[in-house]
Amino acid sequence: MFYYKNLDINEKGNLTFNKADTVLLAKKYQTPLYVMDEDMIRENCRIYKKALDKFYDKRGLALYASKAFSCKEIYRIVASEGLGCDVVSGGELYTALEAGFDPEKIYFHGNNKTKQELIFALEKGVGHIVLDGFYDLEVISEICEEKNIVANVSVRIKPGIDAHTHDAVMTGQIDSKFGVALETGEAKEFLLTAIKKKNINLRGVHCHLGSQIFDLEPFEEAARRLLNLMIEIRNETGYIIEELNLGGGFGIKYTEKDDPIEYASYIESVSKTVKNICNRNDFPLPFILMEPGRSIVAPCGITLYTVGSVKKIPGIRTYVSVDGGMADNPRYALYNAEYEAVIANKAKEPKSQIVTIAGRCCESGDLIGENIKIQKAESGDIMAVLSTGAYNYSMASHYNRLPNPPVVMIKDGEDRVIVKGETYEDIVKNDI
Ligand code: LLP
């Protein structure tokens with residue numbers, strides 16, 4: 001009935017999430033409310049860790065791509081599961097460090113990092129800086145020279161692969177703001193330049209093809225192309241690039257249409273590809289990194305709302321409005337992202353209506369979804385939108401001065417607040 005095993009229906013007919021009654025949660029904390037499932041987050045971390053250990057002989061590390069959901073508690077959780085993390089801004093880095101994350105296991109990404117951010121990262125001992133291009137290389141070399149230090153770096157390469165995903169989240173192709181291009185020779189030139197820099201220790205190559213990808217093939221092809229480049233560099237200069245980072249992007253099931261691959265099988269096949277190529281070319285097995293974000297947290301989150309106005313426009317559609325919307329979940333407005341929704345207090349009833357779920361912002365595009373099948377919705381009902389654990393809280397805005405909702409974490413049925421909800425005072429606290 002549900003795609004994920006953390007969802008169920010209790011004897012009252014209410015939707016439960018990791019054993020917690022969602023209707024009671026809505027009552028206790030008010031809505032809108034983000035709810036996360038710690039047990040499933042941990043399980044997902046373990047899937048990656050175990051598969052890397054099993055298929056790649058413990059020579060790999062999964063980095064949680066923290067842009068998917070960033071707050072102190074998630075860094076503590078993934079760290080305790082043995083993962084590293086990827087951050088893309090001073091803010092994410094600061095949060096990770098505040099949570100006690102080991103800086104050695106942090107990879108700092110970004111297509112336009114500021115000099116201040118790079119200084120901050122280096123001063124804090126961040127283990128790896130993923131350079132996005134020649135500009136980054138210049139800035140980091142300058143800082144390292146000034147401070148007389150050496151930085152461990154890798155470079156983001158666009159391998160020229162179309163990963164068949166939404167245009168807005170596709171990043172492996174040549175027309176992308178991220179990285180240096182493989183097919184034009186830019187990537188090779190970058191590596192040759194970086195190797196010669198005195199204060200730079202070139203450790204790895206990286207690519208990220210996009211997000212919500214359902215095929216294995218693009219990942220295998222990316223591994224092949226990057227490895228071939230590593231081998232070419234070795235053949236020409238003798239320099240061994242030790243790390244191969246294949247990014248994130250593993251899809252999850254939001255609706256019936258989505259058919260994700262098993263993450264372990266992805267790791268198995270990529271490991272085989274890498275081992276084969278290395279064998280054939282007498283190249284030392286690289287350390288492998290991957291950067292799952294969505295697949296670690298998306299199914300581990302739901303959002304609870306209260307239904308307000310229900311507006312039937314005869315012959316056109318029914319708008320069911322909730323007390324949140326694009327400010328807490330902008331993904332339909334941005335990508336037409338589809339979600340499943342359930343009336344939590346009527347979870348046992350059949351989904352008898354097709355509706356448009358509207359938010360409360362002054363914006364016609366403020367929708368959570370269209371053509372959504374749901375139980376009969378009436379004002380006062382609690383609506384749960386499913387699989388909102390990734391790119392919802394982290395993409396929330398204050399549009400219309402809506403305070404950000406709290407985040408409640410559930411562990412074995414027990415709830416606790418991990419991010420407090422904002423108040424009106426919070427909204428004006430920086431206003432002069
Ligand atoms: N590594 C890098 C370098 C990335 O840029 C990303 C995502 C990831 C890893 C993690 O990808 P994931 O496993 O989560 O697919 N806001 C969009 C998604 C943007 C993804 C940005 N980069 C959305 O809501 O669909």
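Quick note: numbers below take in every heavy atom, side chains included, and nothing from hydrogens, waters or symmetry partners. Counting starts at 1 for both ligands and their atoms, following the listed order.
Taking only nitrogen or oxygen atoms, main chain and side chain alike, G249 reaches within less than 3.5 Å of ligand 1. In terms of polar-atom proximity, defined here as any N/O pair under 3.5 Å, Y335 does make such a contact with ligand 1. When only interatomic distances are considered, the shortest N/O to N/O separation between S211 and ligand 1 falls below 3.5 Å.
No side-chain donor from either of N111 and D132 sits under 3.5 Å from a side-chain acceptor of the other. Counting only N and O atoms by type, the side chains of R294 and Y254 include a donor and acceptor under 3.5 Å apart. No side-chain donor-acceptor contact under 3.5 Å links S70 and S394.
Stacking of K311 on the aromatic ring of Y319 is not recorded, the 6.0 Å distance cut-off and the 45° axial limit not both being met. The cationic atom of R59 (NZ for Lys, CZ for Arg) does not lie both less than 6.0 Å from the six-membered ring centre of F287 and within 45° of the ring axis.
Residue E291 has at least one heavy-atom neighbour below 4.0 Å for each of these atoms of ligand 1: 1 (N), 2 (C), 3 (C), 8 (C), 9 (C), 10 (C), 13 (O). The H206 neighbourhood of ligand 1 comprises atoms 3 (C), with distances under 4.0 Å to a heavy atom of that residue. Here is the list of ligand 1 atoms found below 4.0 Å of a heavy atom in G293: 12 (P), 13 (O), 14 (O). The atoms of ligand 1 that sit less than 4.0 Å from any heavy atom of R331 are 23 (C), 24 (O), 25 (O). With ligand atoms numbered from 1 in the order given, ligand 1 contributes 1 (N), 2 (C), 9 (C) to contacts under 4.0 Å with heavy atoms of D86. Ligand-side atoms of ligand 1 in range of M395: 16 (N), 24 (O), range being under 4.0 angstrom from any heavy atom. Close approach of ligand 1 to R294 (heavy-atom distance below 4.0 Å) involves ligand atoms 12 (P), 13 (O), 14 (O), 18 (C), 23 (C), 25 (O).
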Verdict with reasoning, K351 to E340, per salt bridge (Lys or Arg N to Asp or Glu O under 4.0 Å): CA-CA 11 Å; K351 290 189 166 182; E340 294 256 318; 3.6 Å; yes
Worked verdict on F250 versus F219 for ring-ring contact (aromatic ring centres under 6.0 Å, His included): CA-CA 10 Å; F250 319 108; F219 291 108; 4.9 Å; yes
T255/Y339 under side-chain contact (heavy atoms from CB on, under 4.5 Å): CA gap, chis, key distance, verdict: CA-CA 6 Å; T255 69; Y339 287 98; 5.9 Å; no
ring-ring contact (aromatic ring centres under 6.0 Å, His included) evaluation trace for H206 with H109: CA-CA 10 Å; H206 165 273; H109 280 273; 4.6 Å; yes
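At a 4.0 Å heavy-atom cut-off, ligand 1 does not touch V130 at all. Of all the heavy atoms of F178, none lies under 4.0 Å from any atom of ligand 1, so neither backbone nor side chain is involved. Contacts between H208 and ligand 1 below 4.0 angstrom, taking non-hydrogen atoms only, involve the side chain exclusively. Contacts between A65 and ligand 1 below 4.0 angstrom, taking non-hydrogen atoms only, involve the side chain exclusively.
Contact analysis puts P292 in contact with ligand 1, with a non-hydrogen atom separation below 4.0 angstrom.
Salt-bridge formation is detected for the pair R46/E81: a Lys NZ or Arg NE/NH1/NH2 atom is positioned less than 4.0 Å from an Asp or Glu carboxylate oxygen.
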